[in-house]
Protein chains: 2
Amino acid sequence: MNEFLQAAIDEAKKGFAEGGIPIGSVLVHNGKIIGRGHNKRVQDGSVILHGEMDALENAGRQPASVYKECTIYTTLSPCSMCSGTILLYGIPKVVIGENKTFVGEEELLKSRGVDVTVVDNEECYNLMQQFIQEKPALWNEDIGED
Amino acid sequence: MNEFLQAAIDEAKKGFAEGGIPIGSVLVHNGKIIGRGHNKRVQDGSVILHGEMDALENAGRQPASVYKECTIYTTLSPCSMCSGTILLYGIPKVVIGENKTFVGEEELLKSRGVDVTVVDNEECYNLMQQFIQEKPALWNEDIGED
């Protein structure tokens, strides 16, 4: 198991333990995690702190040159908000834990030259399935669906 | 002048007065502002609180049905992050103060069925020009450029 995907999964589990949506992410620069985070919809009442956004926010203000050397790891395929943010900062590489639960904007990312890898990790998938079974309305809210 | 664009401009001016990036936004539902905000990169050290994101965050958690009846007003053409967020929540209408300073993902939004209107407002443009002249590096940082 890749240590960075594992760190993203640890973030997702932290979110789950807090009663939140179990999606986690880490931003990696030159082999070092510079930001980690998880979905904060429940915990902070936030509509923008998806896992990836939280990781980026926690990394703080970085020069453009740093983002352009980063890889972002996320437990779930990134939605249009998170994908748009990846494009804004020119992050060249995205590693996705799973995309069976939800397929985000992978095609848009690829069309703009982002290197997208889907790992198909069972733990990421099982966490989401357990969560959605328990709180389907919360999940729909997070992806803007009724 | 449209009262909602005026409210977005007021937000942009507030940001400028705080020493920040002068971009403001309001989220409008059924003729009423439910969230207002401005770019908080300087004020909060935030890399995700663009004007539109701040307005959405300040509107709080809303049902999908509400977003789908909203219009978002923004003083500047929305970047890929903000556009991705508009797509995530299915906001059907975007009114843009100006796009001479920066053209965001207007084409992507239109291709997904979002109604995009550019007002070409001089005050929005002048605010940005004054800001960029004073702090070019800060502006580049905000749009992920060197």
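Heavy atoms only: backbone and side chains are in, while hydrogens, waters and symmetry mates are out. In what follows, every chain begins at residue 1, and chains take the letters A, B, ... in the order their sequences are listed.
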Practice item. Between chain A and each of Gly90(B), Ala64(B), Ser65(B), count heavy-atom pairs under 4.5 Å; write down the option with the most. Key: Ala64(B)

Exercise for review: With a 4.5 angstrom heavy-atom cut-off, could you sort out which part of Ile86(B) is near chain A: side chain, backbone, both or neither?
Suggested key: neither

Review point. How many angstroms lie between CD in Glu141(A) and OH in Tyr89(B), if you round to the nearest 0.5 Å?
Key: 7.0 Å

Check your understanding: Is atom CD of Glu122(A) surrounded by more than 12 heavy atoms (other residues, nucleotides or ligands) closer than 6.0 Å?
Key -> no

Exercise for review: Answer yes or no: are there more than 12 heavy-atom neighbours, outside Arg36(B) itself, under 6.0 Å from its atom CZ?
Suggested key: no

Exercise for review: Group every Ile, Leu, Val, Met, Phe, Trp and Tyr by side-chain heavy-atom contacts under 4.5 Å, then state whether Phe131(A) and Leu76(A) land in the same group.
Suggested key: yes

Review point. Is chain A contacted by the side chain of Asn140(B), its backbone, both, or neither, given a heavy-atom distance below 4.5 Å?
Key: neither

Revision key, fill the gap. Most heavy-atom pairs under 4.5 Å with chain B, out of Leu49(A), Leu108(A), Thr85(A), Ile143(A), belong to Thr85(A)

Point to revise | Within-4.5 Å side-chain heavy-atom neighbours: Leu138(B) and Arg61(A) | key: yes

Point to revise | Same cluster (ILVMFWY, side-chain, under 4.5 Å), Tyr67(B) and Val94(B) | key: yes

**Study point:** Hydrophobic cluster identity match, Val116(B) and Ile91(B), side-chain contacts under 4.5 Å
**Key:** yes

Check your understanding: With the 4.5 Å side-chain cut-off for hydrophobic clustering, are Leu5(B) and Ile33(B) part of the same group?
Key -> yes

Point to revise | Heavy-atom contact with chain B under 4.5 Å, split by part of Asp44(A) | key: neither

Check your understanding: Is chain B contacted by the side chain of Ser83(A), its backbone, both, or neither, given a heavy-atom distance below 4.5 Å?
Key -> neither

Check your understanding: How close do Gly60(B) and Val47(A) get, heavy atom to heavy atom, and via which atoms?
Key -> O-CG1, 3.5 Å

Point to revise | Region of Glu57(B) in contact with chain A, defined by heavy-atom distances below 4.5 Å | key: both

Point to revise | Separation between CE of Met81(B) and CD1 of Ile48(A), rounded to the nearest 0.5 Å | key: 7.5 Å

Check your understanding: With the 4.5 Å side-chain cut-off for hydrophobic clustering, are Val42(B) and Phe16(B) part of the same group?
Key -> yes

Exercise for review: State whether the number of non-hydrogen atoms from other residues, nucleotides or ligands found under 6.0 Å of Lys68(B) atom NZ is greater than 12.
Suggested key: yes

